[in-house]
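To start, the structure under review is shown below, and the notes come after it.
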Amino acid sequence: MYVAVKGGEAAIDNAHRLLAERRRGDPAVPELTVAQIREQMSLLVDRVMAEGSLYDPDLAALALKQARGDVVEAVFLVRAYRTTLPRFGASVPVETGAMAVDRRVSATFKDMPGGQVLGPTFDYTHRLIDFALAAAGEPEPAAEAEPGPDAALCPRVTDILGQAGLLEASPPEAGAPVGDLTREAVDFPADRAVRLQALARGDEGFVLALGYSTQRGYGRTHPFVGEIRCGTVAVEFVPEELGFSVPLGDVPLTECQMVNQFHGSGDVPPQFTRGYGLVFGQGERKAMAMALVDRSLRASELGEAVGAPAQDQEFVLAHCDSLQATGFVEHLKLPHYVDFQAELELVRRLRAEHAAARAQGDAPIREAAE
Amino acid sequence: MALRPGFADPVHDAQAVFRAALDALSRPARVRPLPTALAPPAPLSPELAALALALADADTPLWLDPPLAGSDDVAAFLRFHTGAPLTADPAEAAFALIADPARCPDFAAFARGAPDYPDRSATLILALRHLDDAAGPAFAGPGIRGRARIDAGPVPADWAGRLAENAAAFPLGIDLILTAPGRIAGLPRAARLLQPAEA
Amino acid sequence: MSAASALPETGYNFAYLDEGTKRMIRRAILKAVAVPGYQVPFAAREMPMPYGWGTGGVQVTAAILGASDVLKVIDQGADDTTNAVSIRRFFGRTAGVATTTRTCEASVIQTRHRIPETPLTEDQILVYQVPIPEPLRFLEPRETETRQLHALGEYGLMHVKLYEDIARHGHIATTYAYPVEVAGRYVMDPSPTPKFDNPKMDDCPALQLFGAGREKRIYAVPPYTRVRSLDFEDHPFRVQSFDRPCALCGAADVYLDEVVLDDAGGRMFVCSDTDHCEARRAAGHAGEQAA
């Protein structure tokens, strides 16, 4: 006697208990604290904040702990929390020109006001496993750094180029009201602010691959890193009842300004164009990839042919979000047997008709799978 | 004058009013109850107030007809309880509150959506003196089993012509929520006024 | 029916969503009802379950649900599938509403992939979870293009696709998510329900709401609305039929799940709608394998 499958409730409870057990791992090993994750997995925390669109290092660290280190799952937890938060309004645009800089490099000039500041970077490390880290121990203290460059002496490279007219002015929509794709469904064509928001929240791997594709000829933009800067900036907000801005605190950001070739048009002389990337924390790879894709998504605005995936804003915006992507891919593991039954019935019927036609000696009909 | 209170239970009162509006627009020309305990400043009716509080907020400009727009108390009440911007331009309105339905502006004054976005259209909420589905002109269309009648008043003299024009523009058009004391009904753009011969 | 839980989950609003989000979704639902079959864009929120698990349906349900509603959730027609259990629990916890597995007791039914066999009534709302709301999406991937096609009522692409099936297979080879025309205007995706269920959408007394979270669209079919499955005069729309009744309850006019019994080709067919099957067995109906 067949009994229909039951027990969904108990199965879910048991699965959740097992998940909690696996998350903890071997109880003989000390449990990670949220502070340890925040301090020692800081780049991971930064990525979760960037793609989660929420600046809260403790929450991102907790989400990583809860997610067993799965980045997309941690981003998911942060986003689902963010969506329940009241929204008071938009901050004043942050002034990255006034950033307290930890790191600042330019590929377009050997030196510039404020100098090149390497800061905490993997760039010139040798990627040799450091077995010393396997044993506990304090790192050697870094040599006392020069005092951080004064912001006034650290102008943005793009501002220097802009003064000479070599670089386009900030695009015309600068200063216009900024959309928010978490509060309005995206309407195509999306303006640049919405595209940048989508890219800033977008999956690092996806944005990286798209940016990379532009370097390999799929929407080539001849990019140069005008400047990458990492550091903290002040966030200010204008409450309606005060009418002037008050500081809310500082957030660490990474900004990348790409400088790209442009041949000019009838109205515009040849000049360089901009691609822009900005993410929470230290996220150079993401900021650079974002800047590449931002520039390639400006193709139609700049009168360039739109053909490559990275130039196609519907393709990029519809697919860059890791939560949307992972949700729809992974939902394939939910039961689909009702639809599959419908397909089974069709294939069986087609096969029966095929066999009947063969038996009657008809000329072979075209394969169904053709 | 002290500000009159809003919903006693903002979560569940708003939900109940929304469900009444959903039912009204889903089943056009069928009157159903809309109980509310609101006591807004005149000439804002309790039903208009309930629908505004349930549906409007900072994202939805409200247009008020002249009797409502003439009352500072009404404006203060709606601003405080909904946060919605009040607009003097009917074409900008997501919702229009109409306390004097006999002088309801021409529907063409309001947004009727665009062919690619027919949803970007206004909803007009009318405070009528009477609303009855036992008599009146007959309608057919989605949500109506066979035909349904609705008798609403007072309405402008060219009411029937306006409704016919609105339905003929489908999928563009405005949507109407009709209220009377304690009652609500809907006439979305898809509800088609039947000619006397069809009715 | 299980009674409303005394204390919903604390720390969140009734039915999880904040009131501002609910208002936004409610406004989209009202416009969806006013323009039957048209996909209204809405600012879908991140929900605490993944995209693809029914976030659109969950947001619609959360926006309409009231304290006196009785909620039923099904997936593949069954109340006991894990995702149905999970969503029912979510609303039990965040809204404290009563839940049921009985179709006739529910005021709101959220579904993935099926329409219940028990005819729905005027007092019910059916909420569909929708993965790809755009019926033209697999014929034209661009939103800007499909939006224009809907604006113009230009559905030739869809007919070409269905006709190509006929030319190749002798049949229309779409078995689920079979496109329908709503109230004579918009072509609509009915969500991936088997086409067996399409006729239930036509002239249905219940309100039907469709939520697509990842794609950020809501659409609706009001009660008593003409829903026509697309077809051709010489190839009229037909639903699947099964050549045997449910092995448990003996029902002959229902959608069946095929259950593999062994690795020697043993199969049996049972109702996909578990509530319908149980109700029939309780009323004394029996199939060949009933105990």
Side-chain angles (χ1 to χ4, degrees), chain A residues 1-9 11-12 15 73 76-87 180-189 312 314-315 318 321 323-332 334-346 349-350 353 365-366 368 370, chain C residues 12-13 16 18 21 41-48 50-53 55 75-77 80-86 89 112-114 131 141-144 168-171 173 175-177 192-196 214 216-217 240 242 247-248 255-259 261 268 270 272 274 277 289 291:
Chain A
M1 157 66 198
Y2 168 77
V3 180
V5 186
K6 287 280 176 187
E9 303 247 1
I12 288 180
E73 187 66 32
F76 189 175
L77 290 167
V78 168
R79 291 253 199 107
Y81 179 76
R82 177 193 190 274
T83 198
T84 67
L85 297 176
R87 184 176 181 281
D180 181 351
L181 59 79
T182 69
R183 290 171 48 76
E184 293 153 40
V186 174
D187 184 12
F188 293 109
D312 181 338
E314 282 205 37
F315 178 82
D321 190 90
L323 292 199
Q324 291 173 6
T326 202
F328 203 42
V329 167
E330 291 198 58
H331 108 286
L332 292 173
L334 292 181
H336 284 79
Y337 52 77
V338 159
D339 292 344
F340 188 69
Q341 186 66 50
E343 295 283 79
L344 259 183
E345 192 265 344
L346 175 70
R349 189 148 46 84
L350 291 173
E353 286 167 6
I365 62 169
R366 296 166 72 196
E370 203 176 354
Chain C
Y12 290 100
N13 192 20
Y16 181 77
D18 63 279
T21 298
F42 82 112
R45 302 295 199 245
E46 265 99 10
M47 296 299 288
Y51 289 114
W53 264 243
T55 54
D75 186 340
Q76 314 294 301
D80 196 47
T81 36
T82 45
N83 198 43
V85 169
S86 162
R89 266 193 192 183
R112 178 168 172 267
H113 293 194
R114 277 310 311 278
R142 281 168 201 283
E143 163 71 14
T144 38
R168 177 170 301 174
H169 306 301
H171 304 278
T175 59
Y176 60 90
T193 49
K195 66 177 180 179
F196 180 88
R214 186 177 42 76
K216 299 181 163 59
R217 296 290 184 273
Q240 293 99 340
F242 294 85
L248 297 179
Y255 197 82
L256 300 178
D257 293 338
E258 180 169 341
V259 181
L261 294 175
M268 69 181 289
V270 298
S272 147
T274 49
C277 194
Q289 300 225 12

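No hydrogens, no waters, no symmetry mates; every other heavy atom, side chains included, goes into these values. To find a chain, count down the sequence lines: A is the first, B the second, and so on, and within it residues start at 1.
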Problem - Considering all heavy atoms, the nearest A/Gly327-C/Pro50 contact - result: CA-CB, 4.3 Å
Exercise for the section: May I ask you to test the A/Thr84-C/Tyr12 pair for a side-chain heavy-atom distance under 4.5 Å? Expected result: yes
Problem - Contacting region of A/Asp180 [heavy-atom separation from chain C under 4.5 Å] - result: neither
Exercise for the section: Would you mind checking if A/Asp321 and C/Arg214 are paired as a salt bridge, meaning a charged N to carboxylate O distance below 4.0 Å? Expected result: no
Handout entry: Region of A/Phe188 in contact with chain C, defined by heavy-atom distances below 4.5 Å
Key = both
Handout entry: Which atoms of C/Phe196 approach chain A - backbone, side chain, both or neither, heavy atom under 4.5 Å
Key = neither
Completion exercise
If one checks every heavy atom of C/Thr193 against chain A at 4.5 Å, the contacting part turns out to be backbone
Exercise for the section: Using salt bridge (Lys or Arg N to Asp or Glu O under 4.0 Å) as the criterion, list what pairs up with C/Arg89, not counting sequence neighbours. Expected result: A/Glu9, A/Asp13
Handout entry: Residue C/Arg142 versus chain A: region with a heavy atom under 4.5 Å
Key = both
Practice task
Would you mind checking which part of A/Leu77 comes under 4.5 Å of any heavy atom in chain C, side chain (CB onward), backbone (N, CA, C, O), both or neither?
Solution key: neither
Problem - Toward chain C, the part of A/Arg82 with a non-hydrogen atom under 4.5 Å - result: neither
Exercise for the section: Identify the heavy atoms of A/Ala80 and C/Pro48 that sit nearest to each other, and give their distance. Expected result: CB-CA, 4.0 Å
Handout entry: Heavy-atom contact with chain A under 4.5 Å, split by part of C/Phe42
Key = backbone
Handout entry: Heavy-atom check, side chain of A/Thr83 versus side chain of C/Tyr16, under 4.5 Å
Key = yes
Handout entry: Non-hydrogen side-chain atoms of A/Ile12 and C/Ser86 separated by less than 4.5 Å
Key = yes
Handout entry: Heavy-atom check, side chain of A/Pro335 versus side chain of C/His113, under 4.5 Å
Key = no
Handout entry: Pairwise side-chain contact, A/Asp339 with C/Thr175, heavy-atom cut-off 4.5 Å (strictly under)
Key = no
Exercise for the section: With a 4.5 Å cut-off on heavy-atom pairs, point out which of C/Met47, C/His171, C/Arg114 contacts chain A the most. Expected result: C/His171
Fill in the blank from the handout: One option among C/Glu143, C/Lys216, C/Arg217 has the most heavy-atom pairs under 4.5 Å with chain A, and it is C/Glu143
Exercise for the section: Inspect the surroundings of CZ in A/Phe328 and state if more than 12 heavy atoms from other residues, nucleotides or ligands are less than 6.0 Å away. Expected result: yes
Completion exercise
So, the part of A/Glu345 with a heavy atom under 4.5 Å from chain C: the answer is side chain
Practice task
Answer with side chain, backbone, both or neither: which region of A/Glu330 has an atom nearer than 4.5 Å to a non-hydrogen atom of chain C?
Solution key: both
Practice task
Tell me, for C/Ala173 versus chain A, whether the close heavy atoms (under 4.5 Å) come from the side chain, the backbone, both or neither.
Solution key: both
Exercise for the section: Below 4.5 Å from any heavy atom of chain A, which atoms of C/Thr81 appear? Answer side chain, backbone, both or neither. Expected result: side chain
Practice task
Using salt bridge (Lys or Arg N to Asp or Glu O under 4.0 Å) as the criterion, list what pairs up with C/Glu258, not counting sequence neighbours.
Solution key: A/Arg348, C/Arg267
Problem - C/Thr144 and A/Glu314: side chain donor to acceptor below 3.5 Å - result: yes
Practice task
May I ask you to test the C/Arg112-A/Leu334 pair for a side-chain heavy-atom distance under 4.5 Å?
Solution key: yes
Practice task
Compare all side-chain heavy atoms of A/Gln341 with those of C/Gln240 and state whether any distance is below 4.5 angstrom.
Solution key: no
Practice task
Under 4.5 Å, counting heavy-atom pairs only, tell me which of C/Pro192, C/Ala84, C/Ser272, C/Pro41 racks up the most with chain A.
Solution key: C/Pro192
Problem - Shortest non-hydrogen separation from C/Ala43 to A/Glu184 and the atoms involved - result: CB-N, 3.4 Å
Problem - Taking every non-hydrogen atom, the tightest pair across A/Tyr337 and C/Asp257 - result: CE1-OD2, 3.3 Å
Problem - Largest heavy-atom contact set with chain C, pairs under 4.5 Å, which of A/Arg87, A/His331, A/Glu73 - result: A/His331
Practice task
Over all heavy atoms of both residues, which pair between A/His336 and C/Gln76 is shortest? Give the atoms and the distance, please.
Solution key: C-OE1, 3.3 Å
Handout entry: C/Arg45 to A/Thr182 - nearest heavy-atom pair and separation
Key = NH1-O, 3.0 Å
Exercise for the section: Determine, step by step, whether A/Glu343 and C/Tyr176 satisfy the side-chain contact (heavy atoms from CB on, under 4.5 Å) criterion, reporting the C-alpha distance in whole Å, the side-chain angles of both residues, the deciding distance to 0.1 Å, and the verdict. Expected result: CA-CA 8 Å; A/Glu343 295 283 79; C/Tyr176 60 90; 3.8 Å; yes
